[in-house]
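As structure tokens, the structure follows; a few thoughts come after it.
Lettering follows sequence order; numbering is per chain, from 1.
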There are 2 protein chains.
Amino acid sequence: MSEQPIIIKQIIGKTLKAIRMKHGLSQEDLAHECGVDRSYISMIEVGRNEPSVTKIFDLCKGLNIKPSDFFKIVEAEYQKFSQNSGEIE
Amino acid sequence: MSEQPIIIKQIIGKTLKAIRMKHGLSQEDLAHECGVDRSYISMIEVGRNEPSVTKIFDLCKGLNIKPSDFFKIVEAEYQKFSQNSGEIE
DNA sequence: ATGTAGACTCTTGTCGACA
DNA sequence: TTGTCGACAAGAGTCTACA
């Protein structure tokens, strides 16, 4: 049951990384900004951990974006991915 | 650091319950619909567990709503809550 | 129809250190 | 600057069963 054909953590990771880099922040900057561990951000971006909603809200605050916008991107990628059943990018 | 003044799990639970009931579904209906445990849905709605993003996507699929819409509601409640610094309802 | 409990497994999330 | 490893406490998530 934990076998999701479409892996949401990977989409979240890719999305987070893209936004973080667009803002010109390092992982450490962001980690310090929102009070989470740097290695944890790495884990997320690389798709190993799926952050909780609470953590995503924290991260979005550090990135000055609205969580709903973040999830809009994730949802769009999710649908793209489920249609193509292929690459994330 | 895991001390969030504003508890997102409670907002998620309240939101899920409201949408589920608007759709006229029981917890068991929804659980069966999206392949999760019924007691788990109860846990979420009551604010004891914070579901992962993956689970929220599953639940939204069972409710025929877009995850981004779900999070839009959660975000709105979150902001209302952080302004009033009071009741969720 | 819902909340809760116990017991269990797996993952999240933190921290320090190393490539 | 980032990925990863190991260890650890805490929480997610399942299942059975009872109020």
Side-chain angles (χ1 to χ4, degrees), chain A residues 1-63 67 70-71 74 78 88-89, chain B residues 1-63 67 70-71 74 78 88-89:
Chain A
M1 192 50 58
S2 57
E3 288 299 339
Q4 199 87 20
I6 301 170
I7 311 295
I8 292 188
K9 16 175 140 177
Q10 298 191 354
I11 299 176
I12 292 177
K14 167 179 171 278
T15 305
L16 174 62
K17 182 169 190 172
I19 297 175
R20 176 180 62 80
M21 296 189 79
K22 198 158 67 178
H23 287 239
L25 294 173
S26 68
Q27 290 181 351
E28 192 165 354
D29 290 336
L30 181 56
H32 183 260
E33 197 72 40
C34 37
V36 304
D37 201 71
R38 182 198 63 81
S39 71
Y40 176 54
I41 294 185
S42 175
M43 292 292 223
I44 296 170
E45 289 191 354
V46 106
R48 287 172 74 89
N49 278 30
E50 177 179 328
S52 64
V53 178
T54 297
K55 289 297 170 192
I56 292 178
F57 269 63
D58 288 346
L59 294 167
C60 285
K61 190 186 293 181
L63 289 169
F70 182 86
F71 285 113
V74 172
Y78 178 82
I88 289 186
E89 183 75 346
Chain B
M1 193 53 58
S2 57
E3 288 299 340
Q4 199 87 20
I6 301 170
I7 311 295
I8 291 188
K9 16 175 141 175
Q10 298 191 353
I11 298 176
I12 292 176
K14 168 178 170 280
T15 305
L16 175 62
K17 183 170 191 172
I19 297 176
R20 176 180 63 78
M21 297 190 78
K22 198 159 67 178
H23 286 240
L25 294 172
S26 68
Q27 290 182 352
E28 191 165 354
D29 291 336
L30 181 56
H32 183 262
E33 197 72 42
C34 38
V36 304
D37 201 71
R38 180 197 65 80
S39 71
Y40 176 53
I41 294 185
S42 175
M43 293 292 225
I44 296 170
E45 289 191 355
V46 108
R48 287 172 74 88
N49 278 28
E50 179 179 325
S52 64
V53 178
T54 297
K55 290 295 170 193
I56 292 179
F57 269 62
D58 288 347
L59 294 167
C60 285
K61 191 187 292 182
L63 289 169
F70 182 86
F71 285 112
V74 172
Y78 178 81
I88 288 186
E89 182 75 345

Check your understanding: Between residues 21-32 of chain B and DNA chain C, which residues have a heavy-atom gap below 4.0 Å?
Key -> B/Ser26, B/Gln27
Practice item. With the side chain counted from C-beta on, respond yes when B/Phe70 and B/Leu59 share a heavy-atom pair under 4.5 Å apart, and no when they do not. Key: no
Revision key, fill the gap. Here the pair of heavy atoms bringing B/Pro51 nearest to B/Ile56 is CG-CG1, 3.8 Å
Donor-acceptor list for residues 30-38 of chain A side chains, cut-off 3.5 Å, not counting sequence neighbours:
{"from": "A/Asp37", "atom 1": "OD2", "to": "A/Ser39", "atom 2": "N", "distance (Å)": "3.3"}
{"from": "A/Asp37", "atom 1": "OD2", "to": "A/Ser39", "atom 2": "OG", "distance (Å)": "2.6"}

Check your understanding: Would you say D/dT14 has OP1 or OP2 under 4.0 Å from some side-chain N or O of B/Lys55?
Key -> yes
Check your understanding: Starting at OH of B/Tyr40 and ending at P of C/dC10, how long is that distance when rounded to a whole Å?
Key -> 17 Å
Check your understanding: Reading DNA chain D 5' to 3', what string of ( ), [ ], | and . shows its pairs, if Watson-Crick and G-U wobble pairs count only when both distances fall under 3.5 Å?
Key -> .||||||||||||||||||
Review point. CD1 of A/Ile12 to NZ of A/Lys55: how many Å apart, nearest 0.5 Å?
Key: 14.5 Å
Practice item. Hey, could you give me the CG/OG distance between B/Asp58 and B/Ser52, rounded to the nearest 0.5 Å? Key: 7.5 Å
Review point. Should the ring pair A/Phe57 and A/Phe71 be called parallel, tilted or perpendicular, given that the plane angle runs from 0 to 90° and is split at 30 and 60?
Key: tilted
**Study point:** Under 3.5 Å donor-acceptor, A/Glu50 side chain and B/Thr54 backbone
**Key:** yes
Point to revise | Nucleic acid contacts of residues 41-49 of chain A, taken as heavy-atom distances under 4.0 Å to DNA chain D | key: A/Ser42, A/Val46, A/Arg48
Report all interatomic pairs (protein N or O, nucleotide N or O of nucleotides 15-19 of chain D) with separations under 3.5 Å.
{"from": "D/dC15", "atom 1": "N4", "to": "B/Ser39", "atom 2": "OG", "distance (Å)": "3.4"}

Practice item. Please state how far atom NZ in B/Lys17 lies from atom P in C/dA1, giving the value in whole angstrom units. Key: 14 Å
**Study point:** Whole-Å distance separating the NZ atom of B/Lys9 from the P atom of C/dT12
**Key:** 16 Å
Let me have the donor-acceptor pairs involving side chains of residues 17-24 of chain B, under 3.5 Å, with sequence neighbours excluded, atom names and distances please.
{"from": "B/Arg20", "atom 1": "NE", "to": "B/Glu45", "atom 2": "OE2", "distance (Å)": "2.6"}
{"from": "B/Arg20", "atom 1": "NH1", "to": "B/Leu25", "atom 2": "O", "distance (Å)": "2.8"}
{"from": "B/Arg20", "atom 1": "NH2", "to": "B/Glu45", "atom 2": "OE1", "distance (Å)": "3.0"}
{"from": "B/Arg20", "atom 1": "NH2", "to": "B/Glu45", "atom 2": "OE2", "distance (Å)": "3.4"}
{"from": "B/His23", "atom 1": "ND1", "to": "B/Leu63", "atom 2": "O", "distance (Å)": "3.3"}

Review point. Which pair of non-hydrogen atoms, one from B/Leu16 and one from B/Ile41, has the smallest distance, and what is that distance?
Key: CD2-CG2, 4.4 Å
Practice item. Measure the NZ-CD1 distance between B/Lys9 and B/Ile44 for me, rounded to the nearest 0.5 Å. Key: 11.0 Å
**Study point:** Beyond-backbone contact of B/Tyr78 with A/Pro67, side-chain heavy atoms, under 4.5 angstrom
**Key:** no
